[in-house]
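Since the model is a prediction, treat every value here as computed from it, not as a measurement.
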Amino acid sequence: MTYTVAVAGATGYAGGELLRLLLAHPDLEVGAVTAATSAGTRLGEHHPHLPALADRVVEPTDPATLTGHDVVALALPHGHSAAVAERLGADVLVVDLAADHRLVDPAAWRAFYDGDHAGSWPYALPELPLAGGERQRHRLPGLDAGAPRRLAVPGCYPTAVSLALAPGFTEGLLEPDDVVVVAASGTSGAGRATKAHLLGSEVMGSMSPYGVGGSHRHTPEIEQNLGAAAGGTVTVSFTPTLAPMPRGILATCTARVRPGTTAAAVRGAWEDAYVAEPFVHVLPEGRWPRTADTLGANTVHVQVALDERAGRVVAVAAVDNLTKGTAGAAVQGTNLALGLPEPLGLPSAGLAP
């Protein structure tokens, strides 16, 4: 059976990456492509790397255009998805690539985003280990189970950070009150809108921090995920940086270990957590993640070490922010919701050089 997928926000980076993945999927077919200000143009003007869709006319994002599809993917700016989703029927699978439905706590939403909290949807990070031994995939609905047909796609930074550290919390190896993360992201993480600080002349040969002092919007999502892994509250100091590359995230995450934790216990916890996961790879000892190795792939590369002198675990994760960090996660969650094989249509090999 072939399912049709409408993509709202199709002219942005996330929308373009989703379209690339859909073109390679054997059971998902691209339906309407929509946008706001670029409605009426041809898709090839925005994504010339997708020649199969070049002549598609970008339509307005409205219910009349989106209705009639099996799946509607909302690759819209934060704060815009909820209003569109409210006007779509309960029989359609709606997959939100923005942040509107990720957070469970309304107070956390109000503290980091403008506007009212739109409610939370099932969170599509299947590999996330949870306290008690489950995985997040066990909480995702299938369409035959009578569950709501809604999915929230994780943020790119939370994907990398959560998968980097979760095994240590589920196994009780890490202290929850001193987690420090410094992560670098490529410029595509900021979206496609023209911004002076993202010009090539500003970014090339330079790195800079932003969202310093706990103000980045992904902070509560990271804490929510790690709290679910720990079975209690986890506090995170998160500092993102902008790197001179178009895509990719490298997250360096540290946390204090509980007394008596050994390097062997740390290594074993991470390897056991992901040994059966097709997209999360704990690298051989001594090999550290590189963003280049995840480019274009729906994979997360993870490495972990115990700094015995400092009493801290150091976990590093690399991910392509547009693939596994956004569009790949959307397809992965869609596969699960439709009862398709989870890895179907998703690339597991990166590009090199």
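A donor atom on one side chain and an acceptor atom on the other are found under 3.5 Å apart for S38 and T11.
In R135, the CZ atom is crowded: over 12 heavy atoms of neighbouring residues, nucleotides or ligands sit closer than 6.0 Å. Residue-environment remark: CG (D116) stays at or below the threshold of 12 foreign heavy atoms within 6.0 Å. Surrounding CZ of R87 are at most 12 heavy atoms belonging to other residues, nucleotides or ligands under 6.0 Å away. By the neighbour-count criterion of 12 heavy atoms within 6.0 Å, atom CZ of R290 is sparsely surrounded, having that number or fewer from other residues, nucleotides or ligands.
For H216 and Y210, the distance between ring centers is under 6.0 angstrom.
At least one donor-acceptor pair under 3.5 Å links the side chain of H47 to the backbone N or O of G12. A donor-acceptor pair is defined here as one N or O able to donate and one able to accept, closer than 3.5 Å; no such pair exists between the side chain of W270 and the backbone of G168. With hydrogens and angles disregarded, no donor-acceptor distance shorter than 3.5 Å links the side chain of H301 to the backbone of T294. D27 places no side-chain N or O within 3.5 Å of a backbone atom of T2 that could act as its donor or acceptor partner. For H46 (side chain) and A10 (main-chain N/O), no donor-acceptor pair under 3.5 Å exists by modelled atom type. No side-chain donor-acceptor contact under 3.5 Å links Q303 to the backbone of V282. In this structure, the side chain of Q224 engages the main chain of V104 through a donor-acceptor pair within 3.5 Å. With hydrogens and angles disregarded, a donor-acceptor distance shorter than 3.5 Å links the side chain of H78 to the backbone of A99. T241 places a side-chain N or O within 3.5 Å of a backbone atom of A183 that can act as its donor or acceptor partner. At least one donor-acceptor pair under 3.5 Å links the side chain of E221 to the backbone N or O of G155.
Between atom CD of residue E134 and atom CG of residue L128 there is a gap of 11.5 Å, rounded to the nearest 0.5 Å.
Between R102 and D96 there is no salt bridge, since none of the side-chain N atoms of the basic residue sits less than 4.0 Å from a carboxylate O of the acidic one. Between D307 and R312 there is no salt bridge, since none of the side-chain N atoms of the basic residue sits less than 4.0 Å from a carboxylate O of the acidic one.
Using a 4.5 Å heavy-atom threshold, the side chains of W121 and S81 count as separate. In this structure, P126 and L336 have side chains that are in contact, with non-hydrogen atoms separated by less than 4.5 Å.
Y113 and W109 have parallel rings, their planes meeting at less than 30° on a 0 to 90° scale where 60° marks the start of perpendicular.
Taking every heavy atom of both residues into account, A164 and C253 meet most closely at CB-SG, 4.0 Å.
Evaluation of the salt bridge (Lys or Arg N to Asp or Glu O under 4.0 Å) test over residues 44-61, restricted to residues two or more places apart or in two chains, returns none.
Of the candidates T291, T323, N321, R247 forms a side chain to side chain donor-acceptor pair (under 3.5 Å) with just one, namely T323.
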side-chain contact (heavy atoms from CB on, under 4.5 Å) between L283 and W288, intermediate numbers included: CA-CA 7 Å; L283 301 181; W288 289 89; 5.8 Å; no
